[in-house]
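For the numbers below, each heavy atom of this structure counts, side chains included, while hydrogens, waters and symmetry mates do not.
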Amino acid sequence: MSPYRTHYSKELNQDSDGKEVVVAGWVEDIRNLGSIAFIILRDRQGTLQITTFKKEHPEVFKKLVSLSRESVISVRGICRANEKVRNGYEIIPKDVEILSRAETPLPMGIVDKVNVEMDTRLDNRFLDLRREEVRAIFLIRDKIIDSAREFLRKEGFIEVHTPKIISSASEGGTNLFRIKYFERDAFLAQSPQLYKQMLMATGFDRVYEIGWYFRAEEHNTRRHLNESTAIDVEMAFIENEEDVMKILERMILHICRKIEGMEELSRLGIEITAPSLPLPRIRYDEAIDMIRKKGLEIEWGSDLGSDEERAVGDVMKERGVSFYFITKYPLDAKPFYTMPEGNLSRSFDLFCNGIEIASGSQRIHDHDLLEKRLREDGLDPDDFKAYLKAFRYGMPPHGGFGMGIERLVMSLLNLKNIRECILFPRDRNRLTP
Ligand code: AMO
């Protein structure tokens with residue numbers, strides 16, 4: 001147990017009433033009424049009130065009222081039930097230890113209701129993360145990852161970690177970050193794609209990775225990061241992409257069920273209802289019709305941009321659906337490793353409220369076809385030798401998906417900017433903090 005704390009704010013209850021406790025945290029507010037002062041102390045669970053009387057403990061009173069907001073203190077005192085206080089208990093302090101004094105003025109407010117610019121918030125992220133509604137996002141994010149892991153393990157997937165410094169593109173040639181690797185050039189991995197596929201030639205059969213994507217996206221949009229995280233899954237001996245979609249939709253259901261009762265959701269004013277399965281599957285062709293009916297022009301074969309995705313999202317919303325797949329994209333709109341089906345592909349994207357949150361497919365497992373597709377995509381098979389080799393000595397049919405964690409958090413929580421969903425975002429302009 002910490003010498004600075006015996007109880008968190010929410011742990012104060014009938015048992016602690018009348019007893020000595022030690023609490024610790026950040027000074028959120030000080031109200032000095034002259035002979036009595038109220039200090040609101042914040043810890044990881046919430047806030048509590050410290051009530052100090054000048055007459056009884058003049059030294060303690062003085063110390064507390066002279067503190068700057070956001071200083072860190074540890075307080076020993078008697079816990080007392082008081083129904084007028086927000087969580088029913090207050091602390092009458094006997095001793096205060098100042099652990100760290102906060103400078104003034106603060107670069108941004110913590111509890112003030114004024115709107116702070118996104119850039120100011122991100123420049124001062126350690127302060128921003130003291131705000132209840134910002135913390136809520138990351139507590140929900142944590143639960144999402146925990147429940148995905150729980151689901152995948154139960155389904156027989158093992159967790160793996162693959163290299164992030166790589167020698168060739170995994171998602172095609174563009175948006176790679178080039179780095180120096182001693183006397184050679186290397187790249188930061190756009191995704192674990194090539195490695196998770198190679199692992200299908202090992203007999204592990206079902207793997208997942210929770211890791212980083214690095215993408216040199218030039219555009220500074222609300223939905224793109226240059227460093228993002230994802231849950232990647234790969235599974236062998238599948239019949240087609242349906243087998244993969246079934247795992248993905250069940251994972252989504254499991255996640256929704258695990259988070260739907262979280263009190264952090266109400267703090268964000270969000271309600272989540274677990275979707276019913278199977279999720280709707282809209283073929284690319286049908287999606288194109290929907291988009292045209294919404295008055296947008298789109299050529300068959302082209303990838304869906306954010307406006308087009310939103311148009312389909314609007315139609316689905318009218319039908320009361322948040323999660324849905326778009327399937328069977330044109331082959332040319334998908335990466336080289338995707339299994340062809342005529343001029344279409346055995347591929348899918350998963351959407352939540354009009355935002356793409358995951359992509360996946362059945363993959364090509366035939367070496368020669370894969371080499372041919374690489375060439376057709378303008379890539380040089382020589383750059384993919386180590387990857388291609390894994391297809392020459394026994395590679396089962398397989399497929400998988402990658403789901404962006406920030407995208408899922410953003411769409412589930414109805415947040416307008418993906419930067420809200422990652423602690424320290426990297427975008428076109430931001431490299432610190
Ligand atoms: P894709 O390129 O569609 O597919 O990426 C998968 C998912 O990752 C998320 N994502 C991003 N999130 C934020 N910022 C970005 N710049 C960004 N790029 C991608 C999205 C997207 O749906 N290898 C395949 C997956 C597979 O088939 O297994 C892949 O990377 O949510």
Original post:
Which is it for L408 and I405 under the side chain to side chain contact (heavy atoms under 4.5 Å, CB included) test, yes or no, and what are the steps along the way?
Top reply: CA-CA 5 Å; L408 175 64; I405 294 173; 5.8 Å; no
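- There is a side-chain donor-acceptor pair under 3.5 Å between E209 and T162.
- At a cut-off of 3.5 Å, with distance as the only test, a side-chain donor of Q197 or H398 sits close to an acceptor on the other residue.
- There is a side-chain donor-acceptor pair under 3.5 Å between R363 and S361.
- Side-chain contact check for M316 versus F323: every heavy-atom pair is 4.5 Å or farther apart.
- Side-chain atoms of E406 and T229 include a donor-acceptor pair closer than 3.5 Å.
- No side-chain donor from either of E217 and N226 sits under 3.5 Å from a side-chain acceptor of the other.
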Subject >> Worked verdict on E90 versus T51 for side chain to side chain donor-acceptor pair (under 3.5 Å) >> reply: CA-CA 7 Å; E90 63 187 343; T51 309; 2.5 Å; yes
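- Of the possible donor and acceptor atoms, none in the side chain of E420 sits under 3.5 Å from a partner among the backbone N and O of N417.
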Subject >> Full working for salt bridge (charged side-chain N to carboxylate O under 4.0 Å, His left out) between K334 and D303 >> reply: CA-CA 9 Å; K334 285 288 167 190; D303 211 356; 5.6 Å; no
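- Proximity of Y387 to Y337: side-chain heavy atoms (C-beta onward) are separated by under 4.5 Å at one or more points.
- Every residue meeting the salt bridge (Lys or Arg N to Asp or Glu O under 4.0 Å) condition with E150, not counting sequence neighbours, appears here in chain and number order: K258.
- When all heavy atoms are compared, the tightest approach of L106 to R69 is CD2-O, 4.2 Å.
- Annotation for A201 and P396: closest pair CA-CD, 4.4 Å, computed over non-hydrogen atoms.
- The shortest distance between side-chain heavy atoms of I247 and V244 does not fall below 4.5 Å.
- A donor-acceptor pair is defined here as one N or O able to donate and one able to accept, closer than 3.5 Å; such a pair exists between the side chain of R281 and the backbone of L279.
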Original post:
Would I158 and V160 count as a side chain to side chain contact (heavy atoms under 4.5 Å, CB included) if you check the C-alpha gap in whole Å, the side-chain angles of each, and the deciding distance to 0.1 Å?
Top reply: CA-CA 6 Å; I158 64 160; V160 297; 4.2 Å; yes
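- Applying the salt bridge (Lys or Arg N to Asp or Glu O under 4.0 Å) criterion to K196, with sequence neighbours excluded, gives D232, E234.
- Using modelled atom types, no side-chain atom of Y89 and backbone atom of E11 make a donor-acceptor pair closer than 3.5 Å.
- The ring pair (Phe, Tyr, Trp, His ring centres under 6.0 Å) test applied to F325 returns F348, not counting sequence neighbours.
- Atom CE of residue M410 and atom CD1 of residue I137 lie 11.0 Å apart, to the nearest 0.5 angstrom.
- The structure places CZ of F53 at 5.0 Å from CD1 of I92, a figure rounded to the nearest 0.5 Å.
- With hydrogens and angles disregarded, no donor-acceptor distance shorter than 3.5 Å links the side chain of E28 to the backbone of I40.
- Between E70 and R42 there is a salt bridge, since at least one side-chain N of the basic residue sits less than 4.0 Å from a carboxylate O of the acidic one.
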**OP:** Please test E309 against R223 for salt bridge (charged side-chain N to carboxylate O under 4.0 Å, His left out), starting from the C-alpha separation and ending with a verdict.
**Re:** CA-CA 12 Å; E309 289 180 357; R223 318 187 294 164; 3.0 Å; yes
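- Side-chain atoms of N32 and F38, non-hydrogen and from C-beta on, never get closer than 4.5 Å to each other.
- Without hydrogens or angle criteria, K317 side chain to N353 main chain gives no donor-acceptor distance under 3.5 Å.
- Surrounding NE2 of H161 are more than 12 heavy atoms belonging to other residues, nucleotides or ligands, all under 6.0 Å away.
- Rounded to the nearest 0.5 angstrom, E356 CD and M403 CE are separated by 12.0 Å.
- Taking 4.0 Å as the cut-off between side-chain N and carboxylate O, D146 and R149 do not count as a salt-bridged pair.
- Put simply, the side chain of E155 does not reach to within 4.5 Å of the side chain of M251, judged on heavy atoms.
- You'll find the side chain of I145 reaches within 4.5 Å of the side chain of I210, heavy atoms only.
- Using a 4.5 Å heavy-atom cutoff, the side chains of L48 and K10 are not in contact.
- In this structure, L64 and P93 approach most closely via the heavy-atom pair CD1-CG, 3.9 Å.
- Judged purely by atom type and a 3.5 angstrom limit, R426 uses its side chain to pair as donor or acceptor with the backbone of L431.
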**OP:** Decide ring-ring contact (aromatic ring centres under 6.0 Å, His included) for F187 and F214; before the verdict, give the C-alpha distance in whole Å, the side-chain angles of both, and the deciding distance to 0.1 Å.
**Re:** CA-CA 9 Å; F187 305 100; F214 301 96; over 10 Å; no
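- Between A390 and M198 the shortest heavy-atom distance is CB-CG, 3.8 Å.
- The distance from the CG atom of L139 to the CD atom of E264 is 5.0 Å, given to the nearest 0.5 Å.
- Considering every non-hydrogen atom in both K294 and V315, the closest pair reads CE-CG2, 3.6 Å.
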Original post:
Under the side chain to side chain contact (heavy atoms under 4.5 Å, CB included) criterion, do K94 and E20 qualify, and how do the steps go?
Top reply: CA-CA 9 Å; K94 286 186 186 163; E20 186 175 285; 2.9 Å; yes
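- Taking a cutoff of 4.0 Å between a charged side-chain nitrogen and a carboxylate oxygen, E263 and R267 qualify as a salt bridge.
- Note: H254 NE2 to F151 CZ = 7.5 Å, rounded to the nearest 0.5 Å.
- A donor-acceptor contact shorter than 3.5 Å links the side chain of K19 to the backbone of D15.
- Between the side chain of R407 and the backbone N or O of I355, no donor-acceptor pair lies under 3.5 Å.
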**OP:** Kindly indicate, with the supporting measurements, whether the criterion salt bridge (charged side-chain N to carboxylate O under 4.0 Å, His left out) is fulfilled by R80 and D17.
**Re:** CA-CA 5 Å; R80 205 171 67 176; D17 189 18; over 6 Å; no
Subject >> Evaluation steps, side chain to side chain donor-acceptor pair (under 3.5 Å), between E227 and Y213 >> reply: CA-CA 6 Å; E227 188 182 62; Y213 287 8; over 6 Å; no
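- Taken from CH2 in W212 to OG in S191, the straight-line distance is 15.0 Å, to the nearest 0.5 Å.
- Looking at R419 and L225, their side chains come closer than 4.5 Å, going by heavy atoms from C-beta outward.
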**OP:** Give the intermediate values and the outcome of side chain to side chain contact (heavy atoms under 4.5 Å, CB included) for residues V23 and R5.
**Re:** CA-CA 5 Å; V23 293; R5 170 189 282 142; 5.8 Å; no
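- Distance alone, capped at 3.5 Å, is enough to place a donor-acceptor pair between the R292 side chain and the I298 backbone.
- Residues Y329 and D349 bring a donor and an acceptor atom of their side chains to less than 3.5 Å of each other.
- Across all non-hydrogen atoms, the minimal contact from P275 to I252 is CG-CG2, 4.3 Å.
- Between E242 and R346 there is no salt bridge, since none of the side-chain N atoms of the basic residue sits less than 4.0 Å from a carboxylate O of the acidic one.
- Remark: side-chain polar atoms of R215 are paired, donor with acceptor, to backbone N or O of Q190 under 3.5 angstrom.
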